[in-house]
Amino acid sequence: MKEDSSPYQDQHDAIRAEFARQAESWGRDRIDADLLWVVDRLGLRPGFVVLDVAAGTGLLGRAIAPRVKEVIAVDITPEMLAHGRQEADREGIGNIRFEEGAAEDLRYPSASFDMVVTRFSVHHFKSPGVVIREMARVCRLQGSVAVIDIVSPEDEQLAARYNRLERIRDPSHSRALPPGELKGLIEASGIRISGDDFRDVPNDLTEWLDRSRTEGRSREEILEGLRGELTGGAPTGMRPFEAGGRLLFTHTWEVLVGVKE
């Protein structure tokens with residue numbers, strides 16, 4: 001692993017530590033209906049060369065690959081990249097490359113890609129605007145930039161409670177942005193929004209906590225918050241519900257696609 005001397009070193013270290021632990025779980029993820037719903041909204045074309053930023057195991061990139069010419073998946077966590085390469089080989093995907101690198105300083109020339117995408121990463125960034133500007137920089141004119149992330153409620157107090165629980169579960173979580181703020185950052189980078197879609201995705205709470213190996217008091221606090229909301233307590237922004245004897249909660253995904261003009 002290369003030495004990280006950037007102003008984002010502390011956050012990068014936290015991300016590497018957290019996702020080195022989670023890499024095996026992420027590596028087991030499969031391309032499902034929710035992910036295909038995302039891919040269908042990207043406007044992909046067979047000749048596209050696509051950069052997947054903060055790609056993790058490259059799950060999005062692997063879903064994109066059959067529809068485009070080439071995908072480069074870049075991430076700072078070697079363990080996530082290793083699992084991605086392994087899964088791409090297992091799936092027989094030959095047009096995806098995995099490279100180590102930081103989202104805030106993409107090591108590619110300007111206007112290099114037909115499309116630049118990122119999924120489930122913005123809420124980990126210390127300076128999301130810096131990353132989105134970098135994504136715009138390496139995208140060619142009239143190319144596309146797509147940001148897919150979980151979003152918080154627009155209400156500031158509710159968003160604060162939501163993000164607090166996310167950070168208890170995963171210390172590398174910085175802040176899930178409300179939809180209006182996320183859209184504003186993309187537009188500020190010179191991208192004209194051409195598509196804005198939302199999808200509510202249920203999550204099994206136990207599986208979610210197991211993925212991050214959240215135990216002890218941290219796990220108890222999250223459980224107490226969601227169970228408390230179900231019995232009339234303060235809302236958490238996670239919209240918990242019960243089904244089949246399981247406790248679940250809801251993530252809202254936003255898919256923003258825009259054109260570099």
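Because only heavy atoms are used, hydrogens play no part in the values below, and waters and symmetry mates are left out as well, while side chains stay in.
Residues Leu247 and Leu223 meet the side-chain proximity criterion, which asks for heavy atoms closer than 4.5 Å. A 4.5 Å side-chain heavy-atom check between Val259 and Gln142 finds at least one atom pair inside the cut-off. Using a 4.5 Å heavy-atom cutoff, the side chains of Ile222 and Thr236 are not in contact. Within the 4.5 Å cutoff, the side chain of Leu59 has heavy atoms near those of the Ile31 side chain. Under the 4.5 Å side-chain criterion, counting only non-hydrogen atoms from C-beta, Val122 is not in contact with Leu185. Put simply, the side chain of Arg199 does not reach to within 4.5 Å of the side chain of Arg41, judged on heavy atoms. Annotation: side chain of Thr57 is not in contact with side chain of Asp29 (no heavy-atom distance under 4.5 Å). Here the side chains of Met80 and Trp26 are in contact, with some heavy-atom distance below 4.5 Å.
Distance CZ/Arg119 to CG/Asp52: 9.0 Å, rounded to 0.5 Å. In this structure, Ser218 OG and Leu165 CG are separated by 10.5 Å, a value rounded to the nearest 0.5 Å. The structure places CE of Met238 at 10.5 Å from CG of Leu158, a figure rounded to the nearest 0.5 Å. Between the NE2 atom in His12 and the CD1 atom in Ile76 there is a gap of 4.5 Å [rounded to 0.5 Å]. For the atom pair Leu42 CG and Leu60 CG, the distance stands at 6.5 Å (nearest 0.5 Å). In this structure, the separation between CD1 on Ile193 and CD1 on Ile186 is 4.5 Å, given to the nearest 0.5 Å.
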So Glu99 and Ile72, side-chain contact (heavy atoms from CB on, under 4.5 Å) or not? Walk me through it.
CA-CA 7 Å; Glu99 299 181 353; Ile72 297 175; 3.8 Å; yes
Checking side-chain contact (heavy atoms from CB on, under 4.5 Å) for the pair Leu44/Val39: CA distance, chi angles, key distance, verdict?
CA-CA 8 Å; Leu44 299 169; Val39 173; 3.7 Å; yes
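Arg45 is linked by a side-chain contact (heavy atoms from CB on, under 4.5 Å) to Phe48, counting only residues two or more places apart in sequence or in another chain. Residues satisfying the ring pair (Phe, Tyr, Trp, His ring centres under 6.0 Å) test with Phe98, not counting sequence neighbours, are none. Residues forming a salt bridge (charged side-chain N to carboxylate O under 4.0 Å, His left out) with Asp155 (at least two apart in sequence, or on another chain): none. Under the rule for a side-chain contact (heavy atoms from CB on, under 4.5 Å), the partners of Ser152 that lie at least two apart in sequence or sit in another chain are Ala159, Tyr162, Asn163, Ala176, Pro178. For Glu156, there are no side-chain contact (heavy atoms from CB on, under 4.5 Å) partners two or more places apart in sequence or in a different chain. For His124, the ring pair (Phe, Tyr, Trp, His ring centres under 6.0 Å) partners two or more places apart in sequence, or in a different chain, are Phe19.
Shortest non-hydrogen contact noted between Pro171 and Glu18 is CD-OE1, 3.4 Å. In terms of heavy atoms, Pro240 sits closest to Leu226 at CG-O, 3.6 Å. When every heavy atom of Val71 is checked against every heavy atom of Ala65, the shortest pair comes out as CG2-CA, 3.9 Å. Here the closest non-hydrogen pair linking Leu106 and Ala103 is CG-O, 3.6 Å. Looking at every heavy atom in both residues, Ser174 comes nearest to Gln11 through CB-NE2, 4.1 Å. The two residues Ser189 and Ile132 come nearest to each other via the heavy atoms OG-CG2, 3.6 Å.
Annotation: salt bridge (Lys or Arg N to Asp or Glu O under 4.0 Å) contacts involving residues 70-80, sequence neighbours excluded, comprise Glu70-Arg97. Pairs engaging residues 127-138 under the side chain to side chain donor-acceptor pair (under 3.5 Å) rule: Ser110-Arg137, Glu134-Arg137 [sequence neighbours left out]. Every pair passing salt bridge (Lys or Arg N to Asp or Glu O under 4.0 Å) that includes a residue from residues 223-234 is listed here, sequence neighbours excluded: Arg217-Glu224.
Ile191 and Val147 fall within the same hydrophobic cluster, defined by Ile, Leu, Val, Met, Phe, Trp and Tyr side-chain heavy atoms under 4.5 Å apart, directly or through other members. One hydrophobic cluster holds both Phe249 and Ile168 under the rule that ILVMFWY side chains link at heavy-atom gaps under 4.5 Å. Both Trp208 and Leu35 are part of a single hydrophobic cluster, where members link through side-chain heavy atoms under 4.5 Å apart. One hydrophobic cluster, built from ILVMFWY side chains closer than 4.5 Å, holds both Val74 and Val116. The hydrophobic cluster containing Leu182 does not contain Val130, counting ILVMFWY residues as joined when their side-chain heavy atoms lie under 4.5 angstrom apart, directly or transitively.
Within 6.0 Å of CD on Glu220 lie more than 12 heavy atoms contributed by other residues, nucleotides or ligands. Other residues, nucleotides and ligands contribute more than 12 heavy atoms inside 6.0 Å of the CZ atom of Arg211. Counting non-hydrogen atoms of neighbouring residues, nucleotides and ligands closer than 6.0 angstrom, the CD atom of Glu221 exceeds 12 such neighbours.
When hydrophobic side chains of Ile, Leu, Val, Met, Phe, Trp and Tyr are connected at separations under 4.5 Å, Phe241 ends up clustered with Leu248.
Distance alone, capped at 3.5 Å, is enough to place a donor-acceptor pair between the Lys260 side chain and the Ala136 backbone. Judged by distance alone, the side chain of Arg213 and the main-chain N or O of Gln22 form no donor-acceptor pair under 3.5 Å. Listed for the Arg169 side chain is no donor-acceptor partner under 3.5 Å among the backbone atoms of Leu209. A donor-acceptor contact shorter than 3.5 Å links the side chain of Thr118 to the backbone of Val53. Of the possible donor and acceptor atoms, one in the side chain of Asn95 sits under 3.5 Å from a partner among the backbone N and O of Val68.
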Just distance, no hydrogens or angles: give the donor-acceptor pairs under 3.5 Å from side chains in residues 86-93, sequence neighbours left out.
| residue | atom | partner | partner atom | Å |
| --- | --- | --- | --- | --- |
| Glu87 | OE1 | Arg30 | NH1 | 3.1 |
| Glu87 | OE1 | Arg90 | NE | 2.9 |
| Glu87 | OE1 | Arg90 | NH2 | 3.1 |
| Glu91 | OE1 | Arg62 | NH1 | 3.4 |
| Glu91 | OE2 | Arg62 | NH1 | 2.9 |

Report, one line per pair, each donor and acceptor closer than 3.5 Å where one atom sits in a side chain of residues 250-257; sequence neighbours left out.
| residue | atom | partner | partner atom | Å |
| --- | --- | --- | --- | --- |
| Thr250 | OG1 | Arg239 | O | 3.4 |
| His251 | ND1 | Asn203 | ND2 | 3.4 |
| His251 | NE2 | Glu166 | OE2 | 2.8 |
| Thr252 | OG1 | Asp200 | OD1 | 2.6 |
| Thr252 | OG1 | Arg239 | NH2 | 2.5 |

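Of the charged side-chain nitrogens involved, at least one lies within less than 4.0 Å of a carboxylate oxygen, so that Arg28 and Glu24 count as a salt-bridged pair. Classification of Asp210 and Arg219 as a salt-bridged pair holds, one side-chain N sitting under 4.0 Å from a carboxylate O.
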